[in-house]
Amino acid sequence: MKAFTCSHCQELIFFENSQCINCGSTLAYLTDKQIMAALEPTDNGLWLYKTSGATYKLCQNYQQYNVCNWAMPAEDAHDLCLSCQLTEVIPNLSLPENKE
């Protein structure tokens, strides 16, 4: 398993994390940079990666159901990340037991 460090506090994090247990930062996998990074919310619903100044949007499945932790560049035309776009069968996520 590949390990990463939180870009905010340098704590050890893993690909499955969506929040840093040390500093509480929101984490996401940045598809264009292929890294896990801490993001800060902006006023317009996007997220800022301070290290590069780039803005991102969270995958729709991250925003609505918290079952994905990927983020795409703000200008990406898709609402779902590439991984979720390629998923052929998704259980009904409105049922709490299906989120597992």
Side-chain angles (χ1 to χ4, degrees):
M1 174 182 296
K2 184 166 173 63
F4 299 89
T5 56
C6 174
S7 56
H8 183 259
C9 71
Q10 309 313 312
E11 182 72 18
L12 181 67
I13 58 172
F14 298 96
F15 184 77
E16 293 83 11
N17 294 128
S18 59
Q19 185 175 32
C20 178
I21 59 171
N22 185 57
C23 69
S25 293
T26 296
L27 301 173
Y29 177 70
L30 306 183
T31 57
D32 61 334
K33 299 186 182 320
Q34 297 182 353
I35 60 168
M36 290 293 295
L39 300 176
E40 294 184 13
T42 65
D43 293 337
N44 58 1
L46 297 175
W47 293 81
L48 175 67
Y49 176 44
K50 287 182 76 172
T51 302
S52 69
T55 54
Y56 290 85
K57 61 181 180 179
L58 301 179
C59 175
Q60 184 176 3
N61 284 333
Y62 194 169
Q63 295 178 60
Q64 286 187 304
Y65 304 109
N66 203 29
V67 296
C68 177
N69 66 345
W70 287 31
M72 302 87 64
E75 60 275 2
D76 192 304
H78 298 98
D79 291 330
L80 295 174
C81 69
L82 182 60
S83 178
C84 290
Q85 289 176 52
L86 295 173
T87 302
E88 292 184 14
V89 178
I90 297 177
N92 182 350
L93 295 175
S94 65
L95 301 173
E97 63 271 15
N98 287 345
K99 290 182 184 178
E100 293 300 318

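Predicted model, so just to flag it, every value in this text is computed and none were measured.
- Between Tyr49 atom OH and Lys33 atom NZ the span is 7.0 Å, to the nearest 0.5 Å.
- Closest non-hydrogen pair, Gln19 versus Gly24, comes out as NE2-O, 3.1 Å.
- With rounding to the nearest 0.5 angstrom, the CG atom of Asn61 is 7.0 Å from the SG atom of Cys81.
- Proximity of Ser83 to Cys68: side-chain heavy atoms (C-beta onward) are nowhere separated by under 4.5 Å.
- Ring centers of Phe15 and Tyr29: under 6.0 Å apart, within the cut-off.
- The distance from the CD atom of Glu40 to the CG atom of Leu46 is 13.5 Å, given to the nearest 0.5 Å.
- Panel note: side chain Asp76, backbone Pro73; no donor-acceptor pair is recorded below 3.5 Å.
- No side-chain heavy atom of Tyr62 sits under 4.5 Å from any side-chain heavy atom of Leu80.
- Taking CG of Leu12 as the start and CZ of Phe4 as the end, the distance is 10.5 Å to the nearest 0.5 Å.
- Within the model, atoms CG of Asn69 and SG of Cys59 stand 9.5 Å from one another, a figure rounded to the nearest 0.5 Å.
- Heavy atoms from other residues, nucleotides or ligands lying under 6.0 Å from CG of Leu82 number more than 12.
- Side-chain contact between Leu39 and Leu58 is present, with heavy atoms from C-beta onward closer than 4.5 Å.
- The CH2 atom of Trp47 lies 13.5 Å from the CE atom of Met72; values are rounded to the nearest 0.5 Å.
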Would you sort out whether Cys9 and Asn22 count as a side-chain contact (heavy atoms from CB on, under 4.5 Å), showing the intermediate values? CA-CA 8 Å; Cys9 71; Asn22 185 57; 3.2 Å; yes
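- Residue Leu27 is not grouped with residue Leu48 when hydrophobic side chains (ILVMFWY) are merged at heavy-atom distances under 4.5 angstrom, including chains of intermediate members.
- Sorted by first and then second residue, the pairs that involve residues 50-60 and meet side-chain hydrogen bond (donor to acceptor under 3.5 Å, both in side chains), not counting sequence neighbours, are Asp32-Tyr56, Gln60-Gln64.
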